[in-house]
Amino acid sequence: MPVDPALRAAALESKAWPFEEARKLLARVKRTGQKQVLFETGYGPSGLPHIGTFGEVARTTMVRRAFALMSDLPTRLLCFSDDMDGMRKIPENVPDRKFLEPYLQMPLTRVPNPFGGGYESFGHHNNAMLRRFLDTFNFDYEFASATDYYAAGRFDDVLIRALEKYDDIMAVMLPTLGEERQATYSPFLPISPTSGRVLYVPMKAVNPKQGTITFADEDGTDITLDVRGGRTKLQWKPDFGMRWAALGVDFEMFGKDHQTNAPIYDRICEILGAPAPEHYVYELFLDENGQKISKSKGNGLTIDEWLTYADTNSLALFMYSKPREAKKLYFDVIPRNVDEYSQFLGAYPKQFELKDRLMNPVWHIHGGHPPAPESGNVTFALLLNLATVANTEDKAVMWAFLRRYMPDLTPESHPRLDALVGFAIRYFQDFVKPGKKYRLPTTDEAVALRDLAAALGELPEGSTPEAIQLKVYDVGRRDPYTVTQKDGSLGVAQTWFNMLYQVLLGEERGPRFGSFVALYGIANTRGLIDKAVRGELAGPV
RNA sequence: GGGCCCGUAGCUCAGUGGUAGAGCAUCUGACUUUUAAUCAGAGGGUCACUGGUUCGAUCCCAGUCGGGCUCACCA
């Protein structure tokens with residue numbers, strides 16, 4: 001589909017970061033005259049996909065979409081799984097850790113799957129998890145397995161080249177290593193033909209003409225092995241460069257932890273005869289206390305946690321915003337991202353300048369085709385507040401409250417809002433409810449509450465909120481809650497209501513009490529009062 | 001030590017080369033028997049510091065100080 005020239009012109013000028021990155025690629029293809037562009041993301045399959053995996057693929061896709069606006073060249077995104085890597089330690093989250101012990105140091109695709117389920121290996125299982133994960137978000141990508149690529153010989157030519165350039169590669173690698181490691185370092189890692197393990201052993205001979213390496217196997221006997229066809233793999237750093245060279249990768253982003261090594265990968269790639277890809281270094285995520293998020297520490301947020309309380313779009317917005325800043329990633333940032341996403345989405349149709357649209361995150365989140373926004377301006381922050389004050393876990397009750405003020409909204413007409421209502425309720429259940437502090441009523445308060453229950457009992461179920469509110473006032477008109485109105489009549493002090501919320505809802509504030517009772521039900525409310533008076537709400541002291 | 005990022009209102013953060021903004025918090029007032037899913041308004045910032053470019057800098061450049069992260073043979 002041809003790109004509108006005005007849109008293309010705007011893209012070429014846009015300051016949004018995906019366009020900045022895409023322009024680097026545009027300069028690259030002009031320089032090389034290449035006919036396609038390959039994006040790559042890397043994945044270490046020793047664990048399960050996580051929020052960083054999502055971020056990397058989402059951001060790479062944003063650059064890819066931006067590039068497509070500037071150039072008609074075809075693009076591909078390759079999600080590459082380094083599944084031939086040896087299993088260095090046994091993951092924590094497997095059912096039977098002892099079961100895996102005999103397979104340490106073997107390529108992940110040769111380790112049996114501890115989860116069962118018909119997968120050929122642990123690596124295959126994790127690859128499948130990755131794909132399922134990416135498919136959930138409808139990413140457009142091609143999956144690649146290192147094991148498959150090595151075995152199929154797709155790296156063979158470059159591996160031979162690496163043998164030819166062995167000394168050059170060593171010259172790049174050795175200065176980056178400590179003395180001890182220098183003595184034994186080899187860019188080639190043979191898979192032992194006898195034990196099946198990935199060996200970290202020095203090379204005794206390298207023969208480019210034969211395509212072989214010679215080394216001591218685990219039992220001490222010298223072995224000469226053809227490097228091709230998956231019999232060997234490369235050490236991490238040369239592996240990056242080799243892969244880029246072999247596949248013609250044009251773009252790969254990575255986290256700051258790779259930054260120092262990137263020039264090394266690049267150098268290897270060039271030694272092997274290909275231009276190094278363009279890079280983009282993004283910041284790592286921090287937890288609430290400013291510490292780096294790591295899987296092993298278990299701090300920060302998981303993607304499941306995010307998606308429990310908010311939708312994918314809000315997470316995509318988080319990923320779009322300022323990739324180069326170390327951003328805190330914890331529960332508190334969720335509501336803001338949800339609401340900002342809504343704002344950006346709402347603004348998009350009103351933006352008539354292409355320049356403005358391309359700067360709008362929703363353009364990047366939706367690949368240039370953001371959906372139409374919903375009417376109504378109910379924010380997630382408001383819904384969270386509502387779930388709290390309404391003290392409910394029932395979507396229908398939430399909607400009842402909503403429709404008192406906005407009668408034209410329905411779950412059917414506003415599915416996105418309806419989803420947010422569900423998220424707000426979960427947030428309430430998990431964060432607000434556990435923090436509730438029910439107070440025991442004093443003797444006098446207990447009397448007042450019993451009177452209230454009795455008074456409510458005089459009303460038929462289904463009474464109007466106003467009628468209920470009147471009863472509540474009537475009962476409250478007693479010591480110490482009375483107050484004289486401006487007109488001289490007897491009123492009820494705010495402390496009466498405060499007491500109700502503290503004792504009955506465990507909150508300092510709440511909804512209009514008559515409305516609450518009408519929706520919660522008179523019988524239910526009386527039951528609630530009964531429990532409170534008996535001290536069951538406050539729990540054991 | 002190398003690299004990257006940050007330093008804007010009490011807090012969390014937006015922001016643009018042309019006398020500073022939001023949310024929350026605080027305070028004041030309004031909503032006809034006053035509870036906060038409401039509304040109106042107020043206070044509060046030499047935009048870290050010092051130089052430079054400019055008619056003009058919070059924004060660009062250089063440096064200083066302060067804070068954070070990352071890299072040292074794990075991929």
Side-chain angles (χ1 to χ4, degrees), chain A residues 15 42-47 82 84-89 108 146 173-185 189 198 200 233-240 254-265 281-293 296 321-328 332-333 335-336 339-340 343 378-379 381-390 398 401-402 404-406 424 466 469-470 472-474 476-477 481-502 507-516:
Chain A
K15 281 183 177 173
Y43 171 67
S46 53
D82 189 16
M84 203 165 150
D85 198 25
M87 181 174 70
R88 248 167 260 92
K89 56 183 180 190
L108 286 157
M173 293 308 301
L174 289 181
T176 71
L177 305 168
E179 258 180 63
E180 241 174 87
R181 193 78 180 86
Q182 281 190 10
T184 61
Y185 185 83
L189 306 178
V198 180
Y200 294 76
K233 73 185 294 288
L234 292 192
Q235 252 277 13
W236 155 51
K237 291 177 195 176
D239 202 41
F240 261 91
F254 34 70
K256 193 168 65 167
D257 46 342
H258 279 277
Q259 193 173 22
T260 315
N261 292 321
I264 299 170
Y265 314 149
V281 177
Y282 56 85
E283 259 287 359
L284 277 16
F285 299 123
L286 308 177
D287 71 5
E288 175 168 15
N289 302 313
Q291 299 300 301
K292 180 177 109 163
I293 285 182
S296 55
S321 310
K322 302 199 173 197
R324 299 203 112 129
E325 271 183 36
K327 296 190 296 180
K328 291 183 179 176
D332 300 24
V333 306
R336 201 177 70 220
D339 283 337
E340 284 187 356
Q343 276 178 31
V378 183
T379 65
L382 182 68
L383 290 174
L384 291 177
N385 197 6
L386 177 56
T388 304
V389 297
M398 290 280 282
F401 274 98
L402 278 172
R404 289 179 66 78
Y405 288 79
M406 286 161 275
E466 291 72 25
Q469 186 78 357
L470 280 177
V472 177
Y473 279 123
D474 283 345
R477 214 167 274 123
Y481 305 119
T482 52
V483 70
T484 307
Q485 300 291 312
K486 284 176 204 160
D487 61 4
S489 65
L490 199 58
V492 179
Q494 198 165 316
T495 49
W496 164 242
F497 292 96
N498 289 343
M499 185 276 283
L500 292 180
Y501 295 121
Q502 288 164 9
E507 293 286 336
E508 290 302 314
R509 56 180 79 162
R512 176 170 286 274
F513 204 75
S515 309
F516 171 76

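All chains are named by letter (A, B, ...) in the order of the sequence lines, taking the proteins before the strands, and each is independently numbered beginning at 1.
- The distance between atom CZ of A:F254 and atom P of B:rG3, rounded to the nearest whole Å, is 17 Å.
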statement: Given protein heavy atoms under 4.0 Å, the one-letter contact record of nucleotides 70-75 of chain B, with B base, S sugar-phosphate only and - none, is simply SS-BSB
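- As a whole-Å value, the separation of A:R324 CZ from B:rC69 C1' is 14 Å.
- Residues A:F497 and A:V472 have side chains in contact (heavy-atom distance under 4.5 Å, counting atoms from C-beta outward).
- Across all strands, A:L470 comes closer than 4.0 Å to base atoms (heavy-atom distances).
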task: Map every base of RNA chain B to its dot-bracket character, where paired means a Watson-Crick or G-U wobble contact with both distances under 3.5 Å and | marks a partner outside the strand.
output: (((((((..((((.......)))).(((((.......))))).....(((((.......))))))))))))....
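- Remark: C1' of B:rC69 and CZ of A:F285 are 14 Å apart, rounded to the nearest angstrom.
- With the nearest nucleotide of RNA chain B identified for both A:R477 and A:V281, A:V281 has the one nearer the 5' end.
- Across B:rC27 and B:rG67, the matching P atoms stand 34 Å from one another, rounded to whole Å.
- For the C1' atoms, the distance from B:rU19 to B:rC55 is 15 Å, rounded to whole Å.
- Only the C1' atoms considered, B:rG29 is 47 Å distant from B:rC69, to the nearest whole Å.
- A distance of 8.0 Å separates OH of A:Y200 from CZ of A:R181, quoted to the nearest 0.5 Å.
- Atom pair A:F497:CZ and B:rA37:P shows a separation of 12 Å (rounding to whole Å applied).
- Taking atom CG on A:D339 and atom P on B:rC13, their separation rounds to 17 Å, with Å as the unit.
- Comparing the same atom, P, in B:rU8 and in B:rU50 gives a spacing of 16 Å after rounding to whole Å.
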message: Apply side-chain contact (heavy atoms from CB on, under 4.5 Å) to residues A:L189 and A:M84 and explain how you reach the verdict.
response: CA-CA 11 Å; A:L189 306 178; A:M84 203 165 150; over 6 Å; no
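- The same atom, C1', is picked in B:rG45 and in B:rG63; the two are 25 Å apart, to the nearest Å.
- Between A:F254 and A:V281 the shortest side-chain heavy-atom distance falls below 4.5 Å.
- Atom C1' of B:rA37 sits at a distance of 22 Å from the matching atom of B:rU28, rounded to the whole Å.
- A straight line from CD of A:E325 to C1' of B:rU12 spans 13 Å, rounded to a whole angstrom.
- Taking OG from A:S321 and CD from A:E340, the interatomic distance works out to 6.5 Å, rounded to the nearest 0.5 Å.
- The phosphate of B:rC5 has neither OP1 nor OP2 within less than 4.0 Å of any side-chain N or O from A:K322.
- Between A:Y265 and A:F240, the ring planes lie parallel to each other; the angle is under 30°, not in the 30° to 60° tilted range.
- To the nearest 0.5 Å, atoms CG (A:D239) and NZ (A:K237) are separated by 13.0 Å.
- For the C1' atom pair drawn from B:rC60 and B:rA22, the interatomic distance equals 26 Å after rounding to whole Å.
- A:D257 CG to A:E283 CD: the interatomic distance, rounded to the nearest 0.5 Å, is 10.0 Å.
- Smallest separation of non-hydrogen atoms from A:M398 and A:A424: CE-CB, 4.3 Å.
- Atom name C1', nucleotides B:rG52 and B:rG17: the rounded distance is 15 Å, in whole Å.
- Taken from CD1 in A:I264 to NE2 in A:H258, the straight-line distance is 12.0 Å, to the nearest 0.5 Å.
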